[in-house]
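This report refers to the structure that appears directly beneath it.
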Protein chains: 2
Amino acid sequence: MFSKACEYGIRASTYIALQSLEGRRVSLKEIAEEIDSPVAFTAKILQQLSKNQIVDSLKGAAGGFEIQRSGIDRIKLSEIVYAIDGDTIYTGCGLGLKKCNANKPCPVHDKFVQIRDDLRYMLENTSLYEMTVGLEVGLTYLKR
Amino acid sequence: MFSKACEYGIRASTYIALQSLEGRRVSLKEIAEEIDSPVAFTAKILQQLSKNQIVDSLKGAAGGFEIQRSGIDRIKLSEIVYAIDGDTIYTGCGLGLKKCNANKPCPVHDKFVQIRDDLRYMLENTSLYEMTVGLEVGLTYLKR
DNA sequence: TTTAAATCGGACAAATATGTCCTAATAAAA
DNA sequence: TTTTATTAGGACATATTTGTCCGATTTAAA
(Lines give C-alpha, C1' and ligand atoms only; values in the text may rest on other atoms or scores of the structure.)
Protein backbone atom coordinates (compact mmCIF):
# COMPACT_ATOMS: atom_id res chain seq x y z
CA MET A 1 0.00 0.00 0.00
CA PHE A 2 2.49 2.59 1.23
CA SER A 3 6.27 2.65 0.81
CA LYS A 4 8.44 1.65 3.78
CA ALA A 5 9.49 5.29 4.04
CA CYS A 6 5.86 6.29 4.37
CA GLU A 7 5.12 3.64 6.98
CA TYR A 8 8.07 4.84 9.07
CA GLY A 9 6.94 8.43 8.50
CA ILE A 10 3.46 7.79 9.89
CA ARG A 11 4.79 5.83 12.85
CA ALA A 12 7.43 8.48 13.60
CA SER A 13 4.94 11.35 13.37
CA THR A 14 2.54 9.50 15.62
CA TYR A 15 5.24 8.88 18.23
CA ILE A 16 6.35 12.51 18.13
CA ALA A 17 2.73 13.60 18.54
CA LEU A 18 2.26 11.25 21.48
CA GLN A 19 5.31 12.66 23.28
CA SER A 20 4.55 16.25 22.31
CA LEU A 21 1.20 15.89 24.09
CA GLU A 22 3.25 15.26 27.25
CA GLY A 23 5.45 18.25 26.52
CA ARG A 24 8.44 16.08 25.61
CA ARG A 25 10.67 16.84 22.64
CA VAL A 26 12.21 13.62 21.29
CA SER A 27 15.49 12.76 19.56
CA LEU A 28 15.94 10.82 16.35
CA LYS A 29 17.54 8.01 18.34
CA GLU A 30 14.57 7.67 20.68
CA ILE A 31 12.08 7.78 17.80
CA ALA A 32 13.87 5.04 15.87
CA GLU A 33 13.99 2.88 18.97
CA GLU A 34 10.34 3.36 19.80
CA ILE A 35 9.03 2.67 16.32
CA ASP A 36 11.66 -0.01 15.55
CA SER A 37 13.06 1.62 12.41
CA PRO A 38 16.59 2.10 10.99
CA VAL A 39 18.06 5.26 12.52
CA ALA A 40 19.73 6.87 9.51
CA PHE A 41 16.85 6.10 7.18
CA THR A 42 14.41 7.54 9.67
CA ALA A 43 16.55 10.69 9.77
CA LYS A 44 15.98 11.19 6.04
CA ILE A 45 12.27 10.77 6.42
CA LEU A 46 12.11 13.21 9.33
CA GLN A 47 14.02 15.75 7.23
CA GLN A 48 11.34 15.42 4.60
CA LEU A 49 8.54 15.74 7.12
CA SER A 50 10.24 18.79 8.59
CA LYS A 51 10.51 20.44 5.17
CA ASN A 52 6.81 19.77 4.67
CA GLN A 53 6.04 21.37 8.02
CA ILE A 54 4.56 18.23 9.47
CA VAL A 55 7.08 18.07 12.31
CA ASP A 56 9.22 20.84 13.87
CA SER A 57 12.90 20.13 14.26
CA LEU A 58 15.40 21.89 16.50
CA LYS A 59 19.14 21.47 16.04
CA GLY A 60 21.77 21.39 18.72
CA ALA A 61 21.99 19.95 22.22
CA ALA A 62 18.52 19.43 23.71
CA GLY A 63 17.21 19.62 20.16
CA GLY A 64 14.96 17.05 18.57
CA PHE A 65 11.52 16.76 17.04
CA GLU A 66 8.14 17.96 18.20
CA ILE A 67 4.70 18.88 16.90
CA GLN A 68 2.65 21.81 18.16
CA ARG A 69 -0.61 20.92 19.86
CA SER A 70 -2.50 22.72 17.08
CA GLY A 71 -0.66 20.57 14.53
CA ILE A 72 -1.53 17.36 16.32
CA ASP A 73 -5.20 18.20 15.91
CA ARG A 74 -4.89 19.58 12.40
CA ILE A 75 -2.47 17.23 10.62
CA LYS A 76 -4.14 14.31 8.89
CA LEU A 77 -2.56 11.06 7.70
CA SER A 78 -3.23 12.16 4.14
CA GLU A 79 -0.70 14.99 4.51
CA ILE A 80 2.03 12.63 5.68
CA VAL A 81 1.31 10.16 2.89
CA TYR A 82 1.31 12.97 0.34
CA ALA A 83 4.61 14.39 1.62
CA ILE A 84 6.37 11.03 1.22
CA ASP A 85 4.57 8.96 -1.43
CA GLY A 86 2.89 11.72 -3.42
CA ASP A 87 -0.61 11.29 -4.78
CA THR A 88 -0.28 8.12 -6.85
CA ILE A 89 -2.30 6.21 -4.28
CA TYR A 90 -5.22 8.52 -4.96
CA THR A 91 -4.85 9.23 -8.64
CA GLY A 92 -3.03 6.24 -10.13
CA CYS A 93 -4.86 3.59 -12.18
CA GLY A 94 -5.23 0.20 -10.51
CA LEU A 95 -3.92 -1.51 -13.64
CA GLY A 96 -1.14 1.00 -14.26
CA LEU A 97 -2.63 2.82 -17.26
CA LYS A 98 -1.29 6.34 -17.62
CA LYS A 99 -4.44 7.92 -18.99
CA CYS A 100 -7.17 5.95 -17.24
CA ASN A 101 -10.18 8.09 -16.34
CA ALA A 102 -13.98 8.03 -16.35
CA ASN A 103 -13.93 8.80 -20.08
CA LYS A 104 -11.48 6.07 -21.10
CA PRO A 105 -11.52 3.72 -18.11
CA CYS A 106 -9.73 0.45 -17.51
CA PRO A 107 -11.99 -2.53 -16.80
CA VAL A 108 -11.81 -2.01 -13.02
CA HIS A 109 -11.83 1.78 -12.98
CA ASP A 110 -15.15 2.25 -11.19
CA LYS A 111 -14.45 -0.43 -8.62
CA PHE A 112 -11.07 1.03 -7.80
CA VAL A 113 -12.39 4.57 -7.59
CA GLN A 114 -14.73 3.43 -4.86
CA ILE A 115 -12.04 1.71 -2.80
CA ARG A 116 -9.55 4.53 -3.29
CA ASP A 117 -12.17 7.10 -2.29
CA ASP A 118 -12.79 5.18 0.93
CA LEU A 119 -9.04 5.10 1.58
CA ARG A 120 -8.71 8.80 0.81
CA TYR A 121 -11.64 9.66 3.08
CA MET A 122 -10.11 7.65 5.90
CA LEU A 123 -6.68 9.26 5.51
CA GLU A 124 -8.13 12.76 5.20
CA ASN A 125 -10.20 12.31 8.34
CA THR A 126 -7.70 10.66 10.66
CA SER A 127 -5.69 13.20 12.66
CA LEU A 128 -2.44 12.59 14.48
CA TYR A 129 -4.37 13.16 17.70
CA GLU A 130 -6.68 10.29 16.88
CA MET A 131 -3.61 8.13 16.21
CA THR A 132 -2.29 8.74 19.73
CA VAL A 133 -5.48 7.99 21.68
CA GLY A 134 -5.11 4.21 21.85
CA LEU A 135 -1.35 4.37 22.40
CA GLU A 136 -1.67 6.29 25.66
CA VAL A 137 -3.83 3.58 27.23
CA GLY A 138 -1.97 0.61 25.73
CA LEU A 139 -4.70 -0.39 23.31
CA THR A 140 -2.55 0.13 20.19
CA TYR A 141 1.13 -0.20 19.34
CA LEU A 142 3.79 1.33 17.07
CA LYS A 143 6.22 -1.58 16.92
CA ARG A 144 6.37 -5.40 16.56
CA MET B 1 -1.33 -0.92 -4.79
CA PHE B 2 -0.08 -3.76 -7.03
CA SER B 3 3.41 -4.32 -8.40
CA LYS B 4 4.06 -3.52 -12.07
CA ALA B 5 4.34 -7.25 -12.70
CA CYS B 6 0.88 -7.74 -11.25
CA GLU B 7 -0.63 -4.91 -13.29
CA TYR B 8 0.81 -6.42 -16.47
CA GLY B 9 -0.40 -9.84 -15.33
CA ILE B 10 -3.99 -8.70 -14.93
CA ARG B 11 -3.97 -6.83 -18.23
CA ALA B 12 -2.38 -9.78 -20.05
CA SER B 13 -4.82 -12.30 -18.58
CA THR B 14 -7.72 -10.06 -19.51
CA TYR B 15 -6.53 -9.72 -23.10
CA ILE B 16 -5.99 -13.46 -23.41
CA ALA B 17 -9.49 -14.05 -22.04
CA LEU B 18 -10.98 -11.56 -24.50
CA GLN B 19 -9.34 -13.29 -27.46
CA SER B 20 -10.04 -16.79 -26.15
CA LEU B 21 -13.74 -15.92 -26.15
CA GLU B 22 -13.36 -15.44 -29.90
CA GLY B 23 -11.50 -18.73 -30.19
CA ARG B 24 -8.18 -17.01 -30.88
CA ARG B 25 -4.95 -18.17 -29.31
CA VAL B 26 -2.53 -15.23 -28.92
CA SER B 27 1.25 -14.87 -28.97
CA LEU B 28 3.42 -13.13 -26.40
CA LYS B 29 4.26 -10.49 -28.98
CA GLU B 30 0.62 -9.67 -29.67
CA ILE B 31 -0.21 -9.56 -25.96
CA ALA B 32 2.63 -7.16 -25.18
CA GLU B 33 1.56 -4.91 -28.03
CA GLU B 34 -2.08 -4.88 -27.04
CA ILE B 35 -1.50 -4.13 -23.38
CA ASP B 36 1.53 -1.86 -24.00
CA SER B 37 4.03 -3.77 -21.86
CA PRO B 38 7.72 -4.78 -22.24
CA VAL B 39 7.83 -8.04 -24.21
CA ALA B 40 10.48 -9.99 -22.29
CA PHE B 41 9.19 -8.93 -18.91
CA THR B 42 5.68 -9.93 -19.91
CA ALA B 43 7.07 -13.33 -20.91
CA LYS B 44 8.27 -13.91 -17.35
CA ILE B 45 4.91 -12.97 -15.93
CA LEU B 46 3.06 -15.25 -18.35
CA GLN B 47 5.35 -18.10 -17.33
CA GLN B 48 4.32 -17.51 -13.75
CA LEU B 49 0.64 -17.36 -14.64
CA SER B 50 1.03 -20.55 -16.65
CA LYS B 51 2.64 -22.35 -13.70
CA ASN B 52 -0.24 -21.20 -11.55
CA GLN B 53 -2.70 -22.56 -14.09
CA ILE B 54 -4.25 -19.20 -14.75
CA VAL B 55 -3.38 -19.27 -18.46
CA ASP B 56 -2.64 -22.23 -20.73
CA SER B 57 0.50 -22.00 -22.84
CA LEU B 58 1.40 -24.00 -25.93
CA LYS B 59 4.93 -24.13 -27.29
CA GLY B 60 5.98 -24.35 -30.90
CA ALA B 61 4.74 -22.81 -34.11
CA ALA B 62 1.08 -21.78 -33.85
CA GLY B 63 1.58 -21.89 -30.08
CA GLY B 64 0.68 -19.10 -27.71
CA PHE B 65 -1.56 -18.39 -24.76
CA GLU B 66 -5.23 -19.09 -24.15
CA ILE B 67 -7.72 -19.59 -21.36
CA GLN B 68 -10.50 -22.18 -21.41
CA ARG B 69 -14.02 -20.80 -21.39
CA SER B 70 -14.60 -22.44 -17.99
CA GLY B 71 -11.50 -20.65 -16.69
CA ILE B 72 -12.66 -17.28 -17.96
CA ASP B 73 -15.78 -17.64 -15.85
CA ARG B 74 -14.06 -19.19 -12.85
CA ILE B 75 -10.79 -17.24 -12.50
CA LYS B 76 -11.04 -14.18 -10.27
CA LEU B 77 -8.66 -11.22 -10.07
CA SER B 78 -7.71 -12.35 -6.56
CA GLU B 79 -6.07 -15.48 -8.00
CA ILE B 80 -3.93 -13.45 -10.40
CA VAL B 81 -2.91 -11.02 -7.67
CA TYR B 82 -2.09 -13.89 -5.34
CA ALA B 83 0.01 -15.69 -7.98
CA ILE B 84 2.17 -12.61 -8.56
CA ASP B 85 2.13 -10.43 -5.44
CA GLY B 86 1.23 -13.00 -2.81
CA ASP B 87 -1.09 -12.16 0.05
CA THR B 88 0.60 -9.12 1.58
CA ILE B 89 -2.12 -6.88 0.21
CA TYR B 90 -4.65 -8.81 2.29
CA THR B 91 -2.66 -9.69 5.38
CA GLY B 92 0.03 -7.01 5.71
CA CYS B 93 -0.23 -4.20 8.28
CA GLY B 94 -0.87 -0.72 6.86
CA LEU B 95 1.97 0.69 8.96
CA GLY B 96 4.36 -2.19 8.28
CA LEU B 97 4.24 -3.88 11.70
CA LYS B 98 5.10 -7.57 11.52
CA LYS B 99 2.79 -8.74 14.27
CA CYS B 100 -0.16 -6.39 13.92
CA ASN B 101 -3.50 -8.08 14.64
CA ALA B 102 -6.79 -7.50 16.42
CA ASN B 103 -5.08 -8.39 19.70
CA LYS B 104 -2.13 -6.03 19.35
CA PRO B 105 -3.24 -3.61 16.65
CA CYS B 106 -1.52 -0.60 15.16
CA PRO B 107 -3.44 2.68 15.50
CA VAL B 108 -5.13 2.26 12.11
CA HIS B 109 -5.68 -1.50 12.22
CA ASP B 110 -9.48 -1.45 12.22
CA LYS B 111 -9.72 1.19 9.53
CA PHE B 112 -7.35 -0.71 7.27
CA VAL B 113 -9.09 -4.01 7.84
CA GLN B 114 -12.27 -2.49 6.50
CA ILE B 115 -10.67 -1.07 3.35
CA ARG B 116 -8.66 -4.22 2.71
CA ASP B 117 -11.75 -6.36 3.15
CA ASP B 118 -13.55 -4.27 0.55
CA LEU B 119 -10.60 -4.68 -1.80
CA ARG B 120 -10.43 -8.40 -1.16
CA TYR B 121 -14.18 -8.78 -1.75
CA MET B 122 -13.91 -6.91 -5.01
CA LEU B 123 -10.96 -8.98 -6.24
CA GLU B 124 -12.55 -12.26 -5.18
CA ASN B 125 -15.78 -11.41 -6.98
CA THR B 126 -14.47 -10.04 -10.25
CA SER B 127 -14.01 -12.75 -12.90
CA LEU B 128 -11.95 -12.52 -16.05
CA TYR B 129 -15.22 -12.70 -17.97
CA GLU B 130 -16.47 -9.59 -16.25
CA MET B 131 -13.19 -7.88 -17.17
CA THR B 132 -13.78 -8.52 -20.86
CA VAL B 133 -17.39 -7.30 -21.12
CA GLY B 134 -16.64 -3.61 -21.55
CA LEU B 135 -13.65 -4.22 -23.80
CA GLU B 136 -15.72 -5.96 -26.46
CA VAL B 137 -17.97 -2.95 -26.90
CA GLY B 138 -15.23 -0.31 -26.57
CA LEU B 139 -16.36 0.96 -23.17
CA THR B 140 -13.10 0.05 -21.44
CA TYR B 141 -9.41 -0.15 -22.42
CA LEU B 142 -6.25 -2.09 -21.62
CA LYS B 143 -3.66 0.47 -22.73
CA ARG B 144 -2.82 4.20 -22.60
C1' DT C 1 13.75 -34.01 -42.48
C1' DT C 2 14.49 -29.32 -42.26
C1' DT C 3 12.88 -24.82 -41.21
C1' DA C 4 10.35 -21.43 -38.87
C1' DA C 5 7.66 -19.75 -35.09
C1' DA C 6 6.73 -19.99 -30.73
C1' DT C 7 7.41 -20.58 -25.28
C1' DC C 8 10.89 -21.70 -21.36
C1' DG C 9 14.40 -20.60 -18.40
C1' DG C 10 18.80 -18.89 -16.87
C1' DA C 11 21.99 -15.07 -16.70
C1' DC C 12 22.56 -10.47 -16.92
C1' DA C 13 21.50 -5.14 -16.70
C1' DA C 14 19.20 -1.02 -15.21
C1' DA C 15 16.31 1.53 -12.23
C1' DT C 16 14.34 2.36 -7.89
C1' DA C 17 13.79 1.83 -2.98
C1' DT C 18 15.92 1.06 1.20
C1' DG C 19 19.54 1.73 4.24
C1' DT C 20 24.48 3.51 5.99
C1' DC C 21 28.31 6.62 6.85
C1' DC C 22 30.54 10.73 7.50
C1' DT C 23 31.14 15.68 7.89
C1' DA C 24 29.02 20.20 8.60
C1' DA C 25 26.07 23.17 11.09
C1' DT C 26 23.76 24.44 15.25
C1' DA C 27 22.79 25.39 20.01
C1' DA C 28 22.86 24.36 24.95
C1' DA C 29 25.75 23.50 28.77
C1' DA C 30 30.19 23.10 31.03
C1' DT D 1 35.24 29.60 24.79
C1' DT D 2 35.18 24.75 24.44
C1' DT D 3 32.72 20.60 24.60
C1' DT D 4 28.85 17.85 23.77
C1' DA D 5 24.52 16.55 21.81
C1' DT D 6 21.84 17.10 18.38
C1' DT D 7 19.80 17.67 13.25
C1' DA D 8 21.09 18.50 8.02
C1' DG D 9 22.73 16.85 3.98
C1' DG D 10 25.70 14.65 0.59
C1' DA D 11 27.87 10.50 -0.94
C1' DC D 12 27.85 5.87 -0.89
C1' DA D 13 26.09 0.75 -0.35
C1' DT D 14 22.71 -2.86 -0.62
C1' DA D 15 18.39 -5.02 -1.86
C1' DT D 16 14.51 -5.41 -4.65
C1' DT D 17 11.94 -4.66 -8.68
C1' DT D 18 11.82 -4.04 -13.34
C1' DG D 19 13.49 -5.09 -17.66
C1' DT D 20 16.75 -7.43 -21.44
C1' DC D 21 19.24 -11.03 -23.92
C1' DC D 22 20.12 -15.35 -25.62
C1' DG D 23 20.24 -20.25 -26.18
C1' DA D 24 17.32 -24.48 -25.40
C1' DT D 25 13.13 -26.72 -26.30
C1' DT D 26 8.95 -27.66 -28.65
C1' DT D 27 5.73 -28.13 -32.46
C1' DA D 28 3.56 -27.15 -36.90
C1' DA D 29 4.36 -26.60 -41.60
C1' DA D 30 7.23 -26.64 -45.70
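A quick note: this is a predicted structure, and the numbers were derived from the prediction, not measured. Chain naming here is simple, since letters A, B, ... match the order of the sequence lines and numbering starts at 1 in each.
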Task: Residue mapping more 5' on DNA chain D - nearest nucleotide basis, B/A40 or B/A62 - done: B/A40

Open item on the list: From CG of A/L28 over to C1' of C/dG19, roughly how many Å is that when rounded to an integer?
Closed with: 13 Å

Task: Whole-Å distance separating the NZ atom of A/K59 from the P atom of C/dA29 - done: 18 Å

- [ ] Would you kindly give the CD-to-C1' distance between A/Q47 and C/dA24, to the nearest whole Å?
- [x] 12 Å

Open item on the list: Under 3.5 Å, is there a donor on one side chain and an acceptor on the other for A/D85 and A/S3?
Closed with: yes

Open item on the list: Can you work out whether A/K44 or A/L58 has the more 5'-proximal nearest nucleotide on DNA chain C?
Closed with: A/K44

TODO: Return the nearest nucleotide to the side chain of A/S27; candidates are C/dC8, D/dT7, D/dG19.
DONE: D/dT7

Task: Rounded distance [0.5 Å steps], CD1 in B/I75 versus CD in B/Q68 - done: 9.5 Å

Open item on the list: For a quick check under 3.5 Å, do B/K111 and A/T126 share a side-chain donor-acceptor pair by atom type?
Closed with: yes

Open item on the list: Please report the distance, rounded to the nearest Å, between CD1 in B/I84 and P in D/dT17.
Closed with: 13 Å

Task: Among C/dG9, D/dA28, C/dT18, the nucleotide that comes nearest once only the side chain of A/S3 is considered - done: C/dT18

Task: N or O in side chain of A/S57 less than 4.0 angstrom from D/dA8 OP1/OP2 - done: yes

Task: Spatial distance of atom CD (B/E79) from atom CD1 (B/I84) [nearest 0.5 Å] - done: 12.0 Å

- [ ] Starting at atom CD1 of B/I45, determine the distance to atom C1' of C/dG9, rounded to an integer number of angstrom.
- [x] 15 Å

Task: Presence of B/Y8 side-chain N/O under 4.0 Å of D/dT18 phosphate oxygens OP1/OP2 - done: no

Open item on the list: What is the distance, to the nearest angstrom, from the CZ atom on A/R25 to the P atom on D/dA5?
Closed with: 17 Å

Task: B/T140 side chain vs A/C106 backbone, donor-acceptor pair below 3.5 Å - done: no

Open item on the list: In this structure, how many angstroms lie between the P atom of C/dG19 and the CG atom of A/D36, rounded?
Closed with: 11 Å

- [ ] Figure out the CZ/P separation between A/F41 and D/dA13, and round it to whole Å.
- [x] 18 Å

